[in-house]
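In what follows, every chain begins at residue 1, and chains take the letters A, B, ... in the order their sequences are listed. Because the structure is predicted, anything quoted here is derived from the model rather than measured.
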2 protein chains.
Amino acid sequence: MAADADADAVSPRERYRSQVRADIKARAWEQIAKAGASGLSLNAIAKELGMSGPALYRYFGSRDELITELIRDAYRSLADTFRAAADSGAGIGGLAHALRRWALDDPQRYFLVYGTPVPGYQAPDDITGIAQEIMAALLDVCAAAEPEAPAPASAGFTAHLSQHRDWAGGHPAPPGVLRRALAFWTRMHGVLSLELAGHFTGMGFEPDRLFDAEVAELTPGR
Amino acid sequence: MAADADADAVSPRERYRSQVRADIKARAWEQIAKAGASGLSLNAIAKELGMSGPALYRYFGSRDELITELIRDAYRSLADTFRAAADSGAGIGGLAHALRRWALDDPQRYFLVYGTPVPGYQAPDDITGIAQEIMAALLDVCAAAEPEAPAPASAGFTAHLSQHRDWAGGHPAPPGVLRRALAFWTRMHGVLSLELAGHFTGMGFEPDRLFDAEVAELTPGR
DNA sequence: TCATGTTTGTTATAGCTTCTAACGCAAGCG
DNA sequence: CGCTTGCGTTAGAAGCTATAACAAACATGA
């Protein structure tokens with residue numbers, strides 16, 4: 001699904017190459033959806049594509065390199081989703097539901113971004129750049145929402161944020177908006193990741209209503 | 001660390017067996033802390049213990065069985081932590097900080113419980129039983145906290161909970177308490193898992209202050 | 001048009017992994 | 001004291017990642 005980012009090739013060789021790379025990634029996404037990132041096998045992908053084993057190393061230097069590429073595409077996809085929602089004038093609730101749709105559309109893709117980290121792994125710099133894009137879109141939406149006094153209980157942390165706002169990347173939002181963006185991030189991730197991981201199955205209540213309730217408490221002005 | 005649950009053996013053979021099992025699990029925890037669950041190698045553990053390869057299969061039927069045992073121990077450890085906090089009269093804030101200490105003490109242990117799920121994997125029934133213990137302790141603490149009207153924004157979901165409370169396991173808590181327990185669970189997990197995964201590193205603010213702010217918004221009565 | 005260099009695929013191989021099978025030995029129990 | 005049970009061994013199958021060496025197809029310059 002999607003991920004035709006390599007399609008701007010010119011020479012027939014580059015065209016073929018980017019096509020094979022896209023095929024490999026498509027199969028990789030299928031495998032990850034079925035068995036998780038730890039169950040991804042380059043050998044199996046190569047066999048599925050009709051070519052045998054090490055041919056795949058012409059297109060991706062290593063298993064880690066392929067997974068890093070998938071992680072990058074996942075970040076890119078989320079950043080585009082957030083940017084589209086922000087530019088279409090969606091409020092906090094709209095952004096939340098765009099996030100939920102994106103997550104439910106491919107849970108393992110969500111976990112590639114926000115799941116269990118591998119202790120040694122360090123993401124490349126451009127991925128942290130995309131993460132900042134995501135944060136910028138979130139800040140745009142939070143800043144456009146009707147301003148509201150932050151909850152008195154967290155006034156101390158909001159004051160702390162006014163002096164530690166490097167992560168906002170120069171965004172001219174008041175500390176209350178920063179606080180609300182962080183609350184959006186942590187709370188939406190909290191309820192979403194537990195739902196995606198299946199921790200709500202068998203509990204009886206409907207997960208989407210819990211999600212909506214958390215969204216509602218995030219936007220008490222409406 | 002800990003996990004001497006097999007120590008109530010009698011015959012010298014069982015005694016030796018449970019000792020070796022404990023050694024294996026100790027090495028497994030070390031490996032998981034360093035390389036994550038996907039980097040756990042039975043072969044490497046056996047070599048570290050001086051025995052060679054397949055000898056380990058006398059003690060654990062498979063790699064999955066060992067990991068399942070570690071997951072069970074992680075759940076057990078968290079349930080004990082929650083129960084101890086609840087019985088010692090800790091409030092919601094106390095329970096939250098006990099959870100945070102437990103998580104920071106071994107992040108990969110936390111992710112074994114709440115991290116990325118493997119699509120095929122299904123936890124044994126007794127583990128879901130321990131999960132209910134955790135929920136019961138959380139409900140005890142939330143019920144003992146001073147009662148307070150739920151936020152008006154989530155009144156609809158609280159009403160929904162009054163009719164879908166199977167997961168509470170017969171706990172006689174009013175729906176507002178159930179709502180608060182779910183908010184505790186999802187919000188604490190949200191901020192904690194992002195911190196443990198390193199998503200806050202380099203952002204400038206202090207993660208523990210964000211955690212405290214979320215705890216404070218959870219207990220606005222104090 | 002022909003030759004040259006690049007790219008892509010192949011097979012072979014090393015080294016790692018999980019896990020089964022067959023065997024020997026030692027320790028505990030009746 | 002003998003017999004059973006359990007433990008550890010080596011051998012080996014099947015899988016994986018990754019590298020090396022080689023063959024074929026392709027694109028391009030003379």
Side-chain angles (χ1 to χ4, degrees), chain A residues 6-32 34-71 112 118-121, chain B residues 6-32 34-71 112 118-121:
Chain A
D6 306 276
D8 55 347
V10 273
S11 86
R13 236 171 184 168
E14 290 180 6
R15 196 171 179 74
Y16 176 76
R17 178 176 181 81
S18 59
Q19 174 62 44
V20 175
R21 278 177 63 96
D23 286 354
I24 292 172
K25 290 208 271 188
R27 303 285 180 153
W29 278 118
E30 293 175 11
Q31 282 201 6
I32 285 184
K34 282 177 194 157
S38 65
L40 191 148
S41 161
L42 297 191
N43 241 330
I45 292 176
K47 274 211 288 190
E48 279 182 1
L49 291 180
M51 56 187 178
S52 225
L56 213 142
Y57 286 81
R58 298 288 178 189
Y59 299 94
F60 293 96
S62 71
R63 187 175 179 273
D64 264 28
E65 193 178 307
L66 172 58
I67 291 185
T68 295
E69 190 107 353
L70 298 178
I71 293 176
L112 232 46
V118 176
Y121 183 79
Chain B
D6 307 277
D8 54 348
V10 274
S11 86
R13 244 178 178 161
E14 290 180 7
R15 195 170 180 76
Y16 175 76
R17 179 175 179 82
S18 60
Q19 175 62 43
V20 176
R21 278 177 63 96
D23 285 355
I24 292 172
K25 289 209 272 187
R27 304 285 180 153
W29 279 117
E30 293 175 11
Q31 282 201 7
I32 285 183
K34 282 178 195 157
S38 65
L40 190 149
S41 160
L42 298 190
N43 239 331
I45 292 176
K47 274 211 288 189
E48 280 183 1
L49 291 180
M51 57 186 177
S52 224
L56 214 141
Y57 286 80
R58 298 286 178 188
Y59 300 94
F60 294 94
S62 71
R63 186 175 179 274
D64 264 27
E65 193 177 307
L66 171 58
I67 292 185
T68 295
E69 189 109 353
L70 298 178
I71 293 175
L112 233 46
V118 176
Y121 182 78

Practice problem: Output yes when a side-chain donor or acceptor of Arg63(B) lies under 3.5 Å from a complementary backbone atom of Leu40(B), and no otherwise. | Solution: yes
Practice problem: Under 4.0 Å between any heavy atoms, over every strand shown, what does Arg13(B) touch: base, sugar-phosphate, or nothing? Just pick one. | Solution: base
Quiz item: Given dC29(C), dT19(D), dT17(C), which nucleotide is nearest the side-chain atoms of Tyr57(A)?
Solution: dT19(D)
Exercise. Between dT11(C), dG8(D), dT18(C), spot the one nearest the side chain of Asn43(B), thanks.
Key: dT18(C)
Practice problem: Classify the nucleic acid contact of Phe60(B) as base, sugar-phosphate or nothing, counting any heavy atom under 4.0 Å across all strands shown. | Solution: nothing
Quiz item: Counting side-chain heavy atoms from C-beta on, which of dA18(D), dT10(C), dG8(D) comes nearest to Arg58(B)?
Solution: dG8(D)
Quiz item: To the nearest Å, how far apart are Arg63(B) CZ and dG15(D) P?
Solution: 18 Å
Exercise. Give a yes or no on whether the backbone of Leu49(B) and the side-chain of Arg27(B) come within a donor-acceptor separation of less than 3.5 Å.
Key: no
Practice problem: Return the value, rounded to whole Å, for the distance between atom OH of Tyr16(A) and atom C1' of dT8(C). | Solution: 8 Å
Practice problem: Calculate the interatomic distance between Arg15(B) atom CZ and dC7(D) atom C1'; express it in whole Å. | Solution: 19 Å
Self-check item: Residue whose nearest DNA chain C nucleotide is more 5′ - Lys47(B) or Met51(A)
Solution: Met51(A)
Exercise. May I ask you to evaluate whether Ser41(B) reaches the phosphate of dT17(C), defined as a side-chain N or O under 4.0 Å from OP1 or OP2?
Key: yes
Exercise. Mark yes or no for whether Glu65(B), through its side chain, and Gly61(B), through its backbone, hold a donor-acceptor pair below 3.5 Å.
Key: yes
Exercise. Classify the nucleic acid contact of Pro12(A) as base, sugar-phosphate or nothing, counting any heavy atom under 4.0 Å across all strands shown.
Key: sugar-phosphate
Exercise. Please confirm whether the backbone N or O of Arg17(B) pairs with a side-chain atom of Arg58(B), one donor and one acceptor, at under 3.5 Å?
Key: no
Quiz item: Of the nucleotides dA21(D), dA18(D), dG8(D), which has the atom closest to the Tyr59(B) side chain?
Solution: dG8(D)
Quiz item: Got a donor-acceptor contact below 3.5 angstrom from the Gln31(B) side chain to the Gly36(B) backbone?
Solution: no
Quiz item: For the pair made of CD1 in Ile45(B) and C1' in dG8(D), what is the distance, rounded to whole Å?
Solution: 17 Å
Quiz item: Does Pro54(B) or Arg17(B) map to a spot on DNA chain D nearer the 5' end, using the closest nucleotide for each?
Solution: Arg17(B)
